[in-house]
Q: 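This is the structure, below, for whatever I ask next.
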Amino acid sequence: MTAYNTIAFDPSRCELCNDCNACMTACSQIKAGTDDLLHSRIKIVAGFNGNPPELALCRQCGDPECTKSCPSTALTKNPETGLIDWDESLCIDCLLCTVGCTYGGITYNAELKHVAKCDHCDGDPACVKACPSGALTYITSASIFNEQHEREDLFVPGLSACQGCNSEMIMRHSLRKVGPDTVLATPPGCIPGMGSVGFNGTTGTKVPVFHPLLTNTASMLAGVKKQYNRMGRNVTAMALAGDGGAGDVGFQSLSGAAERNDQILFICVDNEGYMNTGMQASGSTSYGSWTTTTPVGTEMKGKRTSQKNLAMIMMNHNCEYVATASTAFVEDYYEKLDKALAASERGFAYLHIYSPCPTGWRFPSSQTIEVCRKGVETNFAPLWEYERGGELRFTHSIDNPLPVEAYLNLSGKYRHVSKEQLAHIQEQVNERVKTLKRFAGLN
């Protein structure tokens, strides 16, 4: 089984109504050397009756109807690239392929006198680069599946996570990548709660796993790693901890391990609260958030204090490696996992993953990744990395962010936020980015 790259379209960000046409113009220029939109192989048209714009583009389908409609085999699916290739020498201009395509992805060009379709510009789509609003994205995460799908999932099936749980995805991706030579610590929280330490006499993982206290996760892992070093075995000492087990109750041992530069890979899965015990607020809970301990009523309108920026605190420990990550940008996460693994051979590596919780944050389970994405695109949860002795580096552009309201509107825990609170949150986001820029040497 092979996965392929694709071009994704977000109609909510398309500026067609502003007569943008940048993507179609870029396509026409690179394919025909003209601004005439008739030569564009991508077509975006206004939606009917106020509906969002619609995209006509070759989807490079897995089971393409155009190839099955072609009587001369001029169209074939390339098994290496996933693209639908067109062979001019075999084409008889019958146009049956245009009838077979339900997406309008292949059309007849009167000037060229033959059909034309998208070919991804040899892996560097001009339309995507030209889009000023980010409505078009070239998705290349297929490479992760192709590289990783044969590796064993080291969490067993049947974990008891809530529907749409982002933490389970983080667990499975992370441990699959880190590999079987791992000792895993999961302090009290959602991760052991959904079954990492098992139940009914069986474990939830296929590697050694233990359930430390909230207070001593990093110190226990430090001891485990030192013992394996004495034995001459190279084992990854890895923690998967919530924000409470990392930044609140567990901070003393975390800070101590970072100070000692212990050889640990510590991953904080931050869902901004104690979600498995009743959705109480934590130090990572953001200002204005509804939780069961920061309710909304006549006297209180959600959390009154700002969230703790644990990733920046860990950077100031001068760890070997510190980074933030999001499952909406999984390629970025895998690259950071590689760096963190290498850094944990030398000393302490810390990854902070933003992990929205459908249950505690009150949004539909189908929207988990979209909430993750908007958190990054609004700079509410910027993506960056820091290596010991160097400068902070942004791994996703912080320029031209969406207003923070685009992120807050997706979660019920912010439904009550007033205009004054919204303005305060936006100001906090802007100030946080300014601080990060200073660390990056951009101010």
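Each residue takes its place number in the sequence, starting with 1. Model, not experiment: these values are computed from the prediction.
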Q: Would R13 and E377 count as a salt bridge (Lys or Arg N to Asp or Glu O under 4.0 Å) here? Give the steps.
A: CA-CA 12 Å; R13 304 192 69 163; E377 292 177 342; 3.1 Å; yes

Q: Between F363 and L410, is there a side-chain heavy-atom distance shorter than 4.5 Å?
A: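 No. Closest side-chain heavy atoms not under 4.5 Å.
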
Q: Closer than 3.5 angstrom, by distance alone: can the side chain of T236 be matched with the main-chain N or O of M238 as a donor-acceptor pair?
A: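 A pair under 3.5 Å: no.
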
Q: Are any of the side-chain heavy atoms of Y138 and H120 separated by less than 4.5 Å?
A: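 They are in side-chain contact.
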
Q: Side chains of F394 and L436, heavy atoms from C-beta outward: is any pair under 4.5 Å?
A: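 Sidechains of L436 and F394: in contact.
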
Q: Checking side chain to side chain donor-acceptor pair (under 3.5 Å) against Y321, which of K336, E387, R388, E385 comes through?
A: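 Among K336, E387, R388, E385, the one that satisfies the side chain to side chain donor-acceptor pair (under 3.5 Å) with Y321 is E385.
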
Q: Is it true that Y333 and H173 have ring centroids separated by less than 6.0 Å?
A: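 No - the distance between ring centres of Y333 and H173 does not fall below the 6.0 Å cut-off.
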
Q: Do N229 and Q263 come close enough that some side-chain heavy atom pair is under 4.5 Å?
A: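 Yes, at least one pair of side-chain atoms sits under 4.5 Å.
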
Q: Hey, is NZ on K43 packed in by over 12 heavy atoms from elsewhere, all under 6.0 Å?
A: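 Yes, enclosed.
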
Q: Could you walk me through whether F329 and T395 pass the side chain to side chain contact (heavy atoms under 4.5 Å, CB included) test, one step at a time?
A: CA-CA 10 Å; F329 298 86; T395 59; over 6 Å; no

Q: Go through the structure and list residues passing side-chain contact (heavy atoms from CB on, under 4.5 Å) with N276, not counting sequence neighbours.
A: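 Scan of N276 (side-chain contact (heavy atoms from CB on, under 4.5 Å), adjacent residues dropped) gives C190.
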
Q: Output, in order, the C-alpha distance, side-chain angles, deciding distance and verdict of side-chain hydrogen bond (donor to acceptor under 3.5 Å, both in side chains) for T435 and R438.
A: CA-CA 5 Å; T435 301; R438 286 196 291 270; 3.2 Å; yes

Q: Check whether any side-chain N or O of E320 sits under 3.5 Å from a backbone N or O of A349 as a donor-acceptor pair, and report yes or no.
A: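 Checking the backbone N and O of A349 against the side chain of E320, no donor-acceptor pair under 3.5 Å is found.
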
Q: S219 side chain to N216 main-chain N or O, any donor-acceptor pair under 3.5 Å?
A: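 Present.
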
Q: Indicate whether the side chain of E331 and that of T140 have a donor and an acceptor atom separated by less than 3.5 Å.
A: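 Indeed, the side chains of E331 and T140 share at least one donor-acceptor pair under 3.5 Å.
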
Q: Kindly indicate, with the supporting measurements, whether the criterion side-chain hydrogen bond (donor to acceptor under 3.5 Å, both in side chains) is fulfilled by S286 and Y414.
A: CA-CA 10 Å; S286 52; Y414 298 111; 2.5 Å; yes

Q: Do K177 and D338 sit within salt-bridge range, that is, some charged N less than 4.0 Å from a carboxylate O?
A: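 The answer is yes: the pair qualifies as a salt bridge.
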
Q: Donor-acceptor pair, distance only, cut-off 3.5 Å: does the side chain of H352 make one with the backbone of I267?
A: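 Flag not set: sc H352 to bb I267 has no pair under 3.5 Å.
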
Q: Could you tell me whether a side-chain N or O of S284 sits under 3.5 Å from a main-chain N or O of Q307, the two making a donor and an acceptor?
A: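 Checked: no pair found.
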
Q: If only atom types and distance count, is the side chain of H416 paired as donor or acceptor with the main-chain N or O of K301 below 3.5 Å?
A: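 At least one qualifying donor-acceptor pair exists.
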
Q: Below 4.0 angstrom, N of the basic side chain to O of the carboxylate: do E335 and K339 qualify?
A: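 Judged by the 4.0 Å cut-off on N to carboxylate O distance, E335 and K339 do not form a salt bridge.
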
Q: Can we say D63 and K68 salt-bridge, meaning some charged N sits less than 4.0 Å from an Asp/Glu carboxylate O?
A: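 Result for this pair is yes, salt bridge flagged.
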
Q: Using side-chain hydrogen bond (donor to acceptor under 3.5 Å, both in side chains), reason through T102 and E65 one step at a time and then give a plain yes or no.
A: CA-CA 8 Å; T102 58; E65 291 294 329; over 6 Å; no

Q: What pairs of donor and acceptor atoms, side-chain ones from residues 220-228 against any protein atom, are under 3.5 angstrom apart with sequence neighbours left out?
A:
residue: K225; atom: NZ; partner: V235; partner atom: O; Å: 2.7
residue: Q227; atom: OE1; partner: R230; partner atom: NH1; Å: 3.4

Q: Are any of the side-chain heavy atoms of K303 and E272 separated by less than 4.5 Å?
A: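 A side-chain contact under 4.5 Å is absent here.
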
Q: Between D243 and K308, is there a salt bridge with N-O shorter than 4.0 Å?
A: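 Here K308 does not pair with D243 in a salt bridge, since their nearest N and O are not under 4.0 Å apart.
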
Q: Sort out for me which residue in V156, L184, L154 forms a side chain to side chain contact (heavy atoms under 4.5 Å, CB included) with T205.
A: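 Going through V156, L184, L154 one by one, the side chain to side chain contact (heavy atoms under 4.5 Å, CB included) with T205 is satisfied by L184 alone.
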
Q: Do Y4 side-chain atoms and P79 backbone N/O form a donor-acceptor pair below 3.5 Å?
A: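 Such a contact is found between Y4 side chain and P79 backbone.
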
Q: Looking at S418 and Q421, would you say the former's side chain and the latter's main chain have a donor-acceptor pair under 3.5 Å?
A: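 Side chain of S418 to backbone of Q421, a donor-acceptor pair under 3.5 Å: yes, one is there.
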
Q: Which of these passes side chain to side chain contact (heavy atoms under 4.5 Å, CB included) with Q280: T294, T292, T291?
A: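 The option that passes is T292.
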
